[in-house]
Amino acid sequence: MDYIAALFPPTVMAVAFAALIVTIVRSQGGANKYKEDAAVDAAIAARESGKPVDPS
């Protein structure tokens with residue numbers, strides 16, 4: 001029974017880490033990707049032209 005108690009925490013952490021990676025990978029791209037890309041492009045263009053950047 002001690003070996004189960006010893007293996008349980010690393011197993012739970014491995015499963016949680018895998019779930020975190022899957023969540024990160026799934027959140028990349030999608031419908032919001034174009035909105036985020038447009039916001040970054042606008043910020044870069046404003047910075048290059050010397051205008052202040054509107055954070056919204």
Side-chain angles (χ1 to χ4, degrees):
M1 200 63 174
D2 287 336
Y3 61 91
I4 292 175
L7 291 176
F8 185 71
T11 304
V12 170
M13 292 300 291
V15 169
F17 183 71
L20 175 67
I21 297 301
V22 168
T23 302
I24 290 172
V25 168
R26 284 188 181 175
S27 68
Q28 302 299 311
N32 290 330
K33 183 177 185 347
Y34 301 108
K35 185 191 302 183
E36 293 169 1
D37 288 347
V40 170
D41 290 342
I44 291 172
R47 184 171 182 185
E48 289 175 352
S49 68
K51 295 180 182 176
V53 176
D54 183 16
S56 59

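Hydrogens, waters and symmetry mates play no part in the numbers below; they use all other heavy atoms, side chains included.
Not counting sequence neighbours, the partners of Ile24 by the side chain to side chain contact (heavy atoms under 4.5 Å, CB included) test are Leu20, Gln28. Every side chain to side chain contact (heavy atoms under 4.5 Å, CB included) that Ile4 has, sequence neighbours left out, goes to Met1.
Cluster partners of Ile21 are Phe17, Val25, counting Ile, Leu, Val, Met, Phe, Trp and Tyr whose side-chain heavy atoms approach within less than 4.5 Å, directly or via other members.
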